Amino acid sequence: MIMIKNDWVNVFKILEQCLSDFNDAYPKYQNGKNKQIRKSAESNVKSSISLARLHVEKNPEVLGLISNSRFGHIYAYDEFWETRYFGRDMYEFLIIMKEHINSL
């Protein structure tokens with residue numbers, strides 16, 4: 001199925017929310033006051049990444065956009081989904097995605 005502009009916008013909003021949720025939880029995951037806070041934040045961090053990955057991989061055109069960007073190399077793509085890189089890489093990908101949406 002070919003994605004229309006509205007489909008791209010919907011996926012963009014989902015990924016943007018995933019990044020926001022990740023950014024809220026990541027500092028607690030790293031520096032939470034106790035183990036329970038860090039464990040809860042870790043769950044939120046992993047959920048955000050998993051949800052984002054699900055939406056990217058279920059939309060071949062979005063996956064193709066990643067594949068044609070600097071994240072396309074297999075090692076870079078795997079690192080994209082790692083906790084330590086996700087915040088930075090998703091932010092950069094959302095910029096690329098927004099440019100693509102604006103070109104439609």
Side-chain angles (χ1 to χ4, degrees):
M1 181 172 99
I2 296 175
M3 293 177 65
I4 60 172
K5 186 172 185 173
N6 194 44
D7 297 329
W8 281 97
V9 170
N10 290 337
V11 173
F12 179 86
K13 287 178 182 177
I14 291 167
L15 296 179
E16 193 173 44
Q17 185 61 51
C18 290
L19 179 60
S20 176
D21 294 345
F22 173 87
N23 286 335
D24 288 343
Y26 192 68
K28 294 175 194 155
Y29 164 67
Q30 285 190 311
N31 303 313
K33 290 182 181 181
N34 60 49
K35 187 176 182 177
Q36 183 180 6
I37 290 171
R38 290 188 301 273
K39 184 97 169 141
S40 175
E42 178 182 21
S43 176
N44 292 339
V45 162
K46 288 183 177 186
S47 293
S48 298
I49 294 171
S50 294
L51 184 61
R53 189 170 193 162
L54 172 76
H55 283 281
V56 165
E57 292 180 351
K58 82 174 192 178
N59 291 289
E61 290 185 48
V62 177
L63 185 57
L65 187 61
I66 281 186
S67 297
N68 292 325
S69 71
R70 74 175 189 85
F71 307 111
H73 189 275
I74 190 69
Y75 299 114
Y77 183 75
D78 287 342
E79 288 178 354
F80 185 96
W81 303 110
E82 289 184 18
T83 304
R84 62 183 167 189
Y85 301 117
F86 180 78
R88 177 198 68 202
D89 289 352
M90 181 55 77
Y91 175 79
E92 291 176 14
F93 178 66
L94 287 174
I95 292 170
I96 293 168
M97 192 172 176
K98 187 151 190 118
E99 290 171 358
H100 176 74
I101 291 169
N102 289 337
S103 74
L104 296 176

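What you see is a predicted model; the values in this text were computed from it and never measured.
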Under 4.5 Å between side-chain heavy atoms, hopping through other hydrophobics if needed: is there a path connecting Leu51 to Phe12? no
Which pair of non-hydrogen atoms, one from Leu104 and one from Lys5, has the smallest distance, and what is that distance? CD1-CA, 3.9 Å
Side chain to side chain contact (heavy atoms under 4.5 Å, CB included), that's the test. Do Tyr26 and Phe86 meet it? Break it down for me. CA-CA 10 Å; Tyr26 192 68; Phe86 180 78; over 6 Å; no
With a 3.5 Å distance limit and no angle check, can you tell me whether Asp21 reaches the backbone of Cys18 through a side-chain donor-acceptor pair? no
For the atom pair CD (Glu16) and NZ (Lys98), what is the distance rounded to the nearest 0.5 Å? 6.5 Å
Distance (rounded to the nearest 0.5 Å) between Asp89 CG and Glu92 CD: 6.0 Å
Criterion side chain to side chain contact (heavy atoms under 4.5 Å, CB included) on Val11 and Met3, from CA distance to verdict: CA-CA 10 Å; Val11 173; Met3 293 177 65; 4.0 Å; yes
Can you tell me how far the CD atom of Glu99 sits from the CG atom of Asn102, to the nearest 0.5 Å? 8.0 Å
I'd like to know if the side chain of Ser40 and the backbone of Ile37 have a donor-acceptor N/O pair within less than 3.5 Å. no
Are Tyr85 and Ile49 connected, step by step, through hydrophobic side chains (Ile, Leu, Val, Met, Phe, Trp, Tyr) whose heavy atoms are closer than 4.5 Å? no
Heavy atoms from other residues, nucleotides or ligands near CD of Glu82 exceed 12 (cutoff 6.0 Å): yes
Assess the residue pair Val62 and Phe93 against the criterion (side chain to side chain contact (heavy atoms under 4.5 Å, CB included)); give the C-alpha distance rounded to whole Å, side-chain angles, the decisive distance to 0.1 Å, and a yes or no. CA-CA 10 Å; Val62 177; Phe93 178 66; 4.0 Å; yes
Nearest heavy-atom contact between Ala25 and Ala41 is O-CB, 3.5 Å
Count I, L, V, M, F, W, Y as connected when their side-chain heavy atoms are under 4.5 Å apart, and connections chain through other members. Are Leu65 and Leu54 then in the same cluster? no
In terms of ring plane angle, is the pair Tyr77 and Trp81 parallel, tilted or perpendicular, where the classes change at 30° and 60°? perpendicular
Salt-bridge present (Arg38, Glu42; N to O < 4.0 Å): no
When rounded to the nearest 0.5 angstrom, what distance separates CZ in Arg84 from CD in Gln30? 11.5 Å
So if you build clusters from Ile, Leu, Val, Met, Phe, Trp, Tyr with side-chain heavy-atom gaps below 4.5 Å, do Ile14 and Val9 land together? no
Considering the options Ile66, Leu15, Val56, which one meets the side chain to side chain contact (heavy atoms under 4.5 Å, CB included) requirement together with Met97? Leu15
Single-linkage hydrophobic cluster, 4.5 Å side-chain cutoff, Trp8 and Leu94 together: yes
Here the pair of heavy atoms bringing Ser48 nearest to Phe22 is OG-N, 3.5 Å
CD1 on Ile96 to CD1 on Ile101, rounded to 0.5 Å: 12.0 Å
